[in-house]
Amino acid sequence: MVQSHVSCRWTTPQHRWDANCRPTLTGVNFGGPAPPTLAGRFPGAAGPRHAPGRRLVDSRCRAGCPGASKGGHPTMANVVRTRIAPSPTGDPHVGTAYVALFNYAWAKKNGGQFILRIEDTDRERSNRTSERMIFESLRWLGLSWDEGPDVGGPFGPYRQSERFAIYRDHAEQLVARGAAYPCFCTRERLEGLREEQRRQKVAHALGYDGHCRALAPAEAARRRAAGEPHVIRLAMPREGETAVADLLRGEIRIDNRLVDDQVLLKSDGFPTYHLANVVDDHLMGITHVIRAEEWISSLPKHAQLYRAFGWEEPVFCHLPLLRNADKSKISKRKNPVSLNFYRRAGYLPEAMLNYLALMGWAISADREEFSLPEFIASFEIEDITLGGPVFDVEKLTWMNGKYIRALAVPDLLAKLRADILSDDHLTRVLALAHERVEKLEDFVEYARFFFVGEIEYDAEARVKLVGKKRTAAETAEALSRLLEERLDPLLDWEAARLEAEMRAFAEAAGWKSGDLFMPVRIAVTGKAATPPLFETMEVLGRELCRRRLRRAVETLRSMNADPGRGPAPEGV
RNA sequence: GGCCCUGUCGUCUAACGGUUAGGACACCGGCCCUUCAAGCCGGCAGCACGGGUUCGAUUCCCGUCAGGGCCGCCA
């Protein structure tokens, strides 16, 4: 294995380099004991964090380093390049914004570049609507990227689905040098294997058993040539351990025997995250991989990949995971996680960013309100706190109030005009309300539900919220399933699509469509008399409809199950 | 279950060997005010536990416990 002595061209934490501008951590170790430098380098878990006299830029590495002009990436020197690499599946996630913010800040602080890369290697789940929403959300927040799918850049394309040849070639390189191998195991075999392992509780040997690794190269080549379906797997070292430096956590080392042979190239020729991510980070000159903690466990695989390619590793920094109130990883079941939700509800991007920056970082002991430029100016990556922060919507909301109150009235007006009271939205609402009012002032009352967040149900609405000849519980169940199975996955929120989904659902669920639509109507508008349901839902928008439907489910569940009579008087 | 990460008020955090452990959200009082909100003042509340190291540990080390993450041809 080639031990590449990396260049010191990047601004990196001082602890990572010794006096000779060599990395103090090799990151990889094929068997045998760790290099002696490892032991003394990180005396404890908190070692690197409080290194005295740490500086942002290690000036010793600026010039005259042995490797400064060779190896590594050919194009840039002394530049920090970070990236956010979201997968375009579903709604734009608050966790993406969180990680993007820290990447953005670090790049900007160092005069570097922040890159957006779309990781759409999952054919099943990736889609363009989701990608577009990611663009819009990050732009809304003000986290603009220097290079990305829509703005281009010198290292494109920035969409992984457009980089197939690159991954295939790199996978082949690894196969050629024996660092990866084709695997012909069927999904059935793998499932059986997993099942067996689970049953026998061979916990330490979970994962792929290396069955095809034993194949003779010639034999494997013959089967590939014959067109037999296969994947390409990384040949992990079988012994020793892999040690990788994490900027915040010090050295992380994992026994290689505990890491199985990860799939690099799927049978459809698409790369997995592991391959694509490493290849792209290298090719795009990413210097600092700042990502969520959930990736720590695949660090050794990534390190081995860099190693197998003979590439220099970037600096790794794993951010803590945002949490639900119960401390589990933040999830949509327990928290609003869609950036669209916050945007529609009227959270200001400045407040969101400010709040997010507080998750694991503090500007000083007695201040917590600051702007993005102020954040960038004071941000020290090593000051990030590691405990998993609970994402507290209540405090976010308080902070948002601070920002709203700080706005001059004309600015507040402008915000309203840009969104909730935009001409575009008003026009769409008017089109529906138009023929249903007789005086202009009626409009405000009639169209109220198009503008407010929460709606209340009056007595009539409460009765009709329950489906005809159904119990509250049954209706709750139906609406809940409608949401989960049809509406949550529906990214293109158009009347025709809504109608199709809802009719199909009614049929599948054994509901008369009309009997289902009234509870839905009540749920999203609070009224029994409204403009046509699907058009109304389209104009209300995806966020508002889903939020209200969730609320309706809660309301229904809190009603006494009382068939035929509707809700009990005191329910909710 | 295995491996890994983490551990200061309920929540977000400050503290980088010596502090009455500070600030913020939430909560509870009070002031202000026609009301509400905001604002201001005050209160409640925390170093997970046990061993070391040290003259001295919230702080450094070890262990225990607890929480979390990962264990996919998803990222």
Side-chain angles (χ1 to χ4, degrees), chain A residues 43-47 49-52 85-90 93 96 118-126 160 183 185-187 190-191 194 197-198 200-208 229-233 241 244 246 248-250 252-255 257-260 262-277 291-301 318 320-330 355-369 382-383 385-399 401-402 404-406:
Chain A
R49 256 194 291 173
H50 302 302
S87 187
T89 57
H93 202 277
T96 301
I118 294 295
E119 308 229 332
D120 55 349
T121 56
D122 184 341
R123 258 174 164 160
E124 304 282 296
R125 299 195 301 164
S126 299
Q160 293 186 328
C183 168
C185 291
T186 62
R187 285 170 198 270
L190 297 178
E191 270 162 37
R194 259 194 293 277
Q197 288 171 340
R198 240 192 301 275
Q200 294 192 3
K201 295 214 167 108
V202 280
H204 56 93
L206 235 41
Y208 185 59
H230 64 280
V231 300
I232 301 294
R233 284 181 189 273
E241 54 186 15
V244 197
D246 177 281
L248 298 172
R249 298 160 207 264
I252 294 172
R253 44 171 58 211
I254 299 180
D255 189 327
R257 279 163 298 202
L258 266 19
V259 183
D260 69 342
Q262 180 61 47
V263 171
L264 264 22
L265 218 53
K266 309 174 199 176
S267 55
D268 60 4
F270 280 53
T272 58
Y273 170 86
H274 306 283
L275 208 222
N277 177 265
R291 67 211 327 183
E293 186 182 0
E294 56 191 330
W295 293 110
I296 290 181
S297 52
S298 34
L299 238 194
K301 294 170 183 174
H318 291 88
L321 244 22
L322 259 23
R323 312 290 184 97
N324 296 312
D326 66 2
K327 299 285 192 177
S328 56
K329 175 163 86 165
I330 195 166
Y355 180 71
L356 250 16
L358 254 19
M359 302 278 90
W361 189 80
I363 196 162
S364 71
D366 54 4
R367 173 152 93 114
E368 49 188 6
E369 289 160 53
E382 287 178 295
D383 289 337
T385 270
L386 260 17
V390 171
F391 188 86
D392 182 4
V393 180
E394 201 162 14
K395 183 158 181 177
L396 199 214
T397 303
W398 162 80
M399 177 157 277
K402 288 285 245 190
I404 296 261
R405 274 172 247 125

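What you are looking at is a predicted structure, and each value in this text was computed from that prediction instead of being measured. Proteins come first, then strands; the chains are lettered A, B, ... in the order of their sequence lines, and each starts at number 1.
Regarding contacts with the backbone of B/rG23, every side-chain N or O of A/Lys395 stays at 4.0 angstrom or more from both OP1 and OP2. Within the 4.0 Å cut-off from OP1 or OP2 of B/rC73, not a single side-chain nitrogen or oxygen of A/Arg125 is found. Residue A/Thr385 has a polar side-chain atom (N or O) positioned under 4.0 Å from OP1 or OP2 of B/rA14. Close to B/rC74, at under 4.0 Å from its OP1 or OP2, lies a side-chain N or O of A/Lys266. Within the 4.0 Å cut-off from OP1 or OP2 of B/rC12, at least one side-chain nitrogen or oxygen of A/Lys327 is found. Taking 4.0 angstrom as the limit, A/Arg257 places none of its side-chain polar atoms (N or O) nearer than this to OP1 or OP2 of B/rC3. A close approach under 4.0 Å does occur between a side-chain nitrogen or oxygen of A/Thr121 and OP1 or OP2 of B/rA75. The shortest distance between the side-chain N/O atoms of A/Lys301 and the OP1/OP2 oxygens of B/rC71 is not below 4.0 Å.
Taking atom CG on A/Leu386 and atom C1' on B/rU59, their separation rounds to 16 Å, with Å as the unit. Rounded to an integer number of Å, the gap from A/Leu248 CG to B/rC5 C1' is 12 Å. A/Leu356 has its CG atom 15 Å from the C1' atom of B/rU13, to the nearest Å. Distance A/Ile363 CD1 to B/rA14 C1': 13 Å, rounded to the nearest Å. A/Trp361 places its CH2 atom 14 Å from the C1' atom of B/rC12, with the value rounded to the nearest Å. A/Asp326 has its CG atom 21 Å from the P atom of B/rU6, to the nearest Å. In this structure, A/Glu369 places its CD atom 14 Å from P of B/rA38, rounding to the nearest Å. As a whole-Å value, the separation of A/Asp392 CG from B/rC25 P is 12 Å.
Closest to the side chain of A/Thr272, out of B/rU13, B/rC5, B/rC74, is B/rC74. Closest to the A/Val231 side chain, of the nucleotides B/rC5, B/rC73, B/rG39, is B/rC73. Comparing B/rG69, B/rA75, B/rG39 by their closest approach to the side chain of A/Arg405 singles out B/rG39. Minimum atom distance to the side chain of A/Glu294 is reached by B/rG69, of the listed B/rG69, B/rC5, B/rG2. Nearest to the side-chain atoms of A/Ile254 among the listed nucleotides B/rC4, B/rA24, B/rC73 stands B/rC4. When distances are taken from the side chain of A/Ile252 to each of B/rC5, B/rG68, B/rG2, the shortest belongs to B/rC5. Proximity note for A/Val390 (side chain, C-beta onward) versus B/rA26, B/rC73, B/rC12: the nearest is B/rC12.
Here the separation of B/rG29 from B/rU20, taken at their P atoms, is 32 Å to the nearest Å. With both ends at atom P, the span from B/rG42 to B/rG22 equals 14 Å, rounded to whole Å. Straight-line distance between the P atoms of B/rA38 and B/rA45: roughly 25 Å, to the nearest whole Å. One C1' atom belongs to B/rC28, the other to B/rC70, and the distance between them is 43 Å to the nearest Å. Look at the C1' atom in both B/rA26 and B/rU64: the space between them is 33 Å, to the nearest Å. Atom P of B/rC12 sits at a distance of 34 Å from the matching atom of B/rC74, rounded to the whole Å. B/rG67 and B/rG30 have their C1' atoms separated by 39 Å, with the value rounded to a whole Å. The same atom, P, is picked in B/rU8 and in B/rC61; the two are 16 Å apart, to the nearest Å.
Of all heavy-atom pairs between A/Asp246 and A/Leu248, the closest is OD1-N, 2.8 Å. The minimum heavy-atom distance between A/Gln160 and A/Asp120, with the atom names listed, is N-OD1, 3.3 Å. The minimum heavy-atom distance linking A/Trp398 with A/Glu369 is given by the pair CH2-OE2, 4.1 Å.
Across the strands present, B/rG18 finds its partner in B/rC55; the criterion is a Watson-Crick or G-U wobble pair with both atom distances under 3.5 angstrom. Look at B/rG29: its Watson-Crick or wobble partner, with both distances under 3.5 angstrom, is B/rC41. Nucleotide B/rU11: paired with B/rA24 (Watson-Crick or G-U wobble, both distances less than 3.5 Å). When both distances must be under 3.5 Å, the Watson-Crick or G-U wobble mate of B/rC3 is B/rG69. For B/rU64, the paired base is B/rA48 (Watson-Crick or G-U wobble, both distances below 3.5 Å).
The distance from the NE2 atom of A/His274 to the CD atom of A/Gln262 is 3.5 Å, given to the nearest 0.5 Å. The distance from the CD1 atom of A/Ile232 to the SG atom of A/Cys183 is 9.0 Å, given to the nearest 0.5 Å.
At a threshold of 4.0 angstrom between heavy atoms, the contacts of A/Glu394 are confined to the sugar-phosphate backbone, with no base atom among them. Contacts of A/Gly401 with the nucleic acid, taken as non-hydrogen atoms under 4.0 Å apart, are absent. A/Trp295 comes within 4.0 angstrom of a nucleotide base, judged by non-hydrogen atoms across all strands. Within 4.0 Å (heavy atoms only), A/Pro300 reaches no atom of the nucleic acid at all. Heavy atoms of A/Met399 sit nowhere under 4.0 angstrom from any nucleic acid atom.
A/Glu368 is not listed as a side-chain neighbour of A/Lys402, based on a closest heavy-atom distance of 4.5 Å or more.
Of the two residues contacting RNA chain B, namely A/Leu321 and A/Val263, the nearest-nucleotide position lying further toward the 5' end is that of A/Leu321. Ranked by how close their nearest RNA chain B nucleotide is to the 5' end, A/Arg367 and A/Lys402 are led by A/Arg367.
With hydrogens and angles ignored, a donor-acceptor pair under 3.5 angstrom links the side chain of A/Ser267 to the base of B/rC73. In this model, no side-chain donor or acceptor of A/Arg249 finds a partner on the base of B/rC5 within 3.5 Å.
For the side chain to side chain contact (heavy atoms under 4.5 Å, CB included) criterion with A/Val231, the lone passing option out of A/Asp268, A/Val263, A/Leu190 is A/Val263.
Looking at A/Arg249 and A/Glu293, a side-chain N of the basic residue comes within less than 4.0 Å of a carboxylate O on the acidic one, giving a salt bridge.
Ring geometry for A/Trp295 versus A/Tyr273: interplanar angle under 30°, hence parallel rather than tilted (30 to 60°).
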